[in-house]
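Here is the structure we will look at, set down as structure tokens.
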Amino acid sequence: MIFDVILPGLLLLGILVFLHELGHFLMAKALKVTVYKFSLGFGPALFGFTRGDTRYQVSVLPLGGYVSMAEETKDAEGRPELIDRFNEAPWWKRFVIALAGPMANFVTGYVALIVMALVGIQVPDFDPVLGPVAPDSPAAQAGLTPGTRLVSVGGEPVSSFQEFLRKADAVPASEPLVLGVETREGGPRTLSLPPGERRAALDGLTPPEAGSMIGSVVIGTPAYTAGLQGGDRIVAVEGTPVTKWRELTTFISSSPGKVLAMTVERGSKRFPLKITPQGPPTPGAWEGGRIGIEAPRTRTFLIRSTPAEAVAEAWPLTLALVKQTFDGIGAVITRPLQSASSLGGPQMIVQIAGANAKRGPGDFIYILAVISFAIMAFNLLPLPVLDGGHLFLSLIEAVRRRPPAEWFTSAYQRVGLVLIGGFIVFVLFNDLSRSIQHRAAVHRNNQAPAGEIAPTR
């Protein structure tokens with residue numbers, strides 16, 4: 001448990017917070033603002049050294065680090081020296097230094113997405129066999145029927161459904177697509193799809209339908225809170241039997257905000273459960289309802305990009321993730337009651353990082369990028385303690401051409417610290433209560449006798 005979940009999460013948080021503080025440190029050094037201490041980790045120092053004006057140290061708690069630019073030093077007669085302190089620097093220096101931390105997270109996220117594409121990310125894969133094919137569809141008219149095994153593309157053998165799709169897409173659109181197949185009725189044969197018809201035929205192809213067994217549950221979702229686990233099988237929804245994954249997801253996606261009565265099979269036992277699919281947190285995030293379950297991954301396919309492809313693909317994905325992050329923060333501010341359950345702190349980050357690390361390095365690097373953008377966006381909020389607070393006060397000084405009034409700064413800091421403190425307490429409580437609810441629901445589901453609805457929140 002520790003090595004599989006906690007260590008990847010601590011590593012992720014440590015990397016991101018350290019790089020954030022490194023951004024502040026490097027910019028302060030570049031602008032000749034004195035940095036008194038640069039610490040890798042928090043708490044008491046384990047060891048370190050001093051070079052110039054800066055003390056470099058490694059501390060006990062390896063969760064990132066910090067930069068100190070506001071300590072007082074004293075001269076030989078014991079009087080405080082205020083030279084080159086951060087809060088005595090010109091407004092533009094303070095603005096750039098404060099901005100450097102979030103920008104370090106932005107660059108980290110972008111680079112991480114490039115590395116992810118180069119390393120490769122695992123996607124669900126299946127045997128190269130066709131699932132349902134609609135009658136009279138372009139695929140059916142081309143001779144592709146349910147149960148047909150896909151053997152080759154252009155003479156090159158394929159061993160999985162994703163490999164078939166990738167090789168088919170690689171054939172120039174102006175050329176016919178030559179497929180080697182094995183049908184249940186006629187055995188091996190060759191099909192040739194004309195250039196003008198191949199896309200319509202390929203778009204209608206799907207692998208065999210998965211059953212209704214749950215492969216994994218996403219942390220912090222309705223399924224997690226309700227106590228569903230990987231290996232559970234949902235056998236009925238609203239009294240209607242379900243055996244296929246598509247039947248199950250059709251019920252869920254068409255019922256955002258509606259309580260669904262489900263019958264769940266766990267081992268040799270069945271029990272009833274009520275669960276409410278959640279709608280998209282922000283407009284355009286997805287369509288329909290979700291409860292946070294994924295189908296089992298019996299096979300996976302590693303998708304890698306070339307360096308040129310990785311750089312080209314990473315930028316639009318970066319912009320999309322940053323927009324999604326700010327939209328999420330906006331939803332928390334404008335719709336706090338609806339968004340509160342999705343908020344998570346260090347515990348949730350560690351859990352998600354550990355779950356993604358199990359899937360492979362590409363998935364871990366992807367979640368590192370996502371959380372890096374989240375740290376960037378959160379730190380840009382115009383609140384004291386955060387970088388956004390320094391940016392806000394610096395801009396006021398730039399407009400007024402003198403620092404804000406002392407009463408304003410004092411009131412701003414008091415109000416901001418209350419908001420930040422309350423937010424931190426809420427997030428930590430959310431993490432703890434979510435975990436307690438999950439464990440209680442799992443126990444309740446295990447103990448619920450047949451025919452009794454296991455109450456859920």
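Side chains are part of it too, since the values below use all heavy atoms of this structure and drop only hydrogens, waters and symmetry mates.
- Salt bridge annotation for E309-R304: absent, with no cationic side-chain nitrogen under 4.0 angstrom from a carboxylate oxygen.
- In this structure, K37 and Y66 have side chains that are in contact, with non-hydrogen atoms separated by less than 4.5 Å.
- One distance of note links OG1 of T249 with NZ of K244; it measures 13.0 Å at 0.5 Å rounding.
- Between Y110 and W315, the ring planes are perpendicular. Angles over 60° get that label, and only those under 30° would be called parallel.
- Of the inter-residue distances, the one linking W91 atom CH2 with R402 atom CZ reads 15.5 Å to the nearest 0.5 angstrom.
- Look at D203 and R198 and you find no salt bridge, because none of the NZ, NE, NH1 or NH2 atoms lies under 4.0 Å from a carboxylate O.
- Residue V442 comes nearest to G227 through the heavy atom pair CG2-O, 3.6 Å, listed as atom of the first residue, atom of the second, then distance.
- Using a 3.5 Å distance cut-off with no hydrogens or angles, the side chains of S59 and S39 do pair a donor with an acceptor.
- Here the closest heavy-atom approach between residue M376 and residue P102 is recorded as CG-O, 3.2 Å.
- Put simply, the side chain of T409 never gets that close to the backbone of E406: no donor and acceptor are under 3.5 Å apart.
- For the pair S255 (side chain) and K258 (backbone), a donor-acceptor distance under 3.5 Å is absent.
- Judged purely by distance below 3.5 Å, without hydrogens or angles, the side chains of T54 and K29 pair a donor atom with an acceptor atom.
- Counting only N and O atoms by type, the side chains of T250 and R246 include no donor and acceptor under 3.5 Å apart.
- Here the CE atom belonging to M348 is positioned 9.5 Å from the CD1 atom belonging to I371, to the nearest 0.5 angstrom.
- H24 contributes a side-chain N or O that, together with a main-chain N or O of I97, makes up a donor-acceptor pair within less than 3.5 Å.
- By the 30° and 60° cut-offs, the orientation of the rings of F25 relative to F38 is tilted.
- Smallest separation of non-hydrogen atoms from L383 and G416: CD2-CA, 4.5 Å.
- If you take CG on L391 and CG on L380, they are separated by 6.5 Å, rounding to the nearest 0.5 Å.
- For R166 (side chain) and D169 (main-chain N/O), no donor-acceptor pair under 3.5 Å exists by modelled atom type.
- Put simply, CD1 on I219 and CZ on R434 are 9.0 Å apart, with the number rounded to the nearest 0.5 Å.
- Residues V129 and F161 fail the side-chain proximity criterion, which asks for heavy atoms closer than 4.5 Å.
- Using a distance-only test at 3.5 Å, with no hydrogens or angles considered, a donor-acceptor pair links the side chain of S372 to the main chain of N105.
- A donor-acceptor contact shorter than 3.5 Å links the side chain of T221 to the backbone of V218.
- Using modelled atom types, one side-chain atom of H20 and one backbone atom of G101 make a donor-acceptor pair closer than 3.5 Å.
- For the residue pair S212/E247, the side-chain donor-acceptor check at 3.5 Å is not satisfied.
- At a threshold of 4.0 Å, the pair E397-R401 does not count as salt-bridged, since none of the basic side-chain nitrogens sits closer than that to a carboxylate oxygen.
- There is no side-chain donor-acceptor pair under 3.5 Å between T263 and E265.
- Although no hydrogens or angles enter the test, the distance criterion places no donor-acceptor pair under 3.5 Å between the side chain of S435 and the main chain of D431.
- Nearest heavy atoms, P384 versus I420: O-CG1, 3.9 Å.
- Of the possible polar contacts, one joining the D232 side chain to the Q229 backbone as a donor-acceptor pair under 3.5 Å is found.
- With rounding to the nearest 0.5 angstrom, the CG atom of L273 is 8.5 Å from the CZ atom of R444.
- Shown here for P124 and Q162, the closest heavy-atom pair between the two residues is O-NE2, 3.4 Å.
- Ring geometry for F408 versus Y412: interplanar angle under 30°, hence parallel rather than tilted (30 to 60°).
- Checked by atom type and distance alone, the side chain of N430 never pairs as donor or acceptor with a backbone atom of F426 at under 3.5 Å.
- For D125 and T300, the side-chain atoms include no donor-acceptor pair closer than 3.5 Å.
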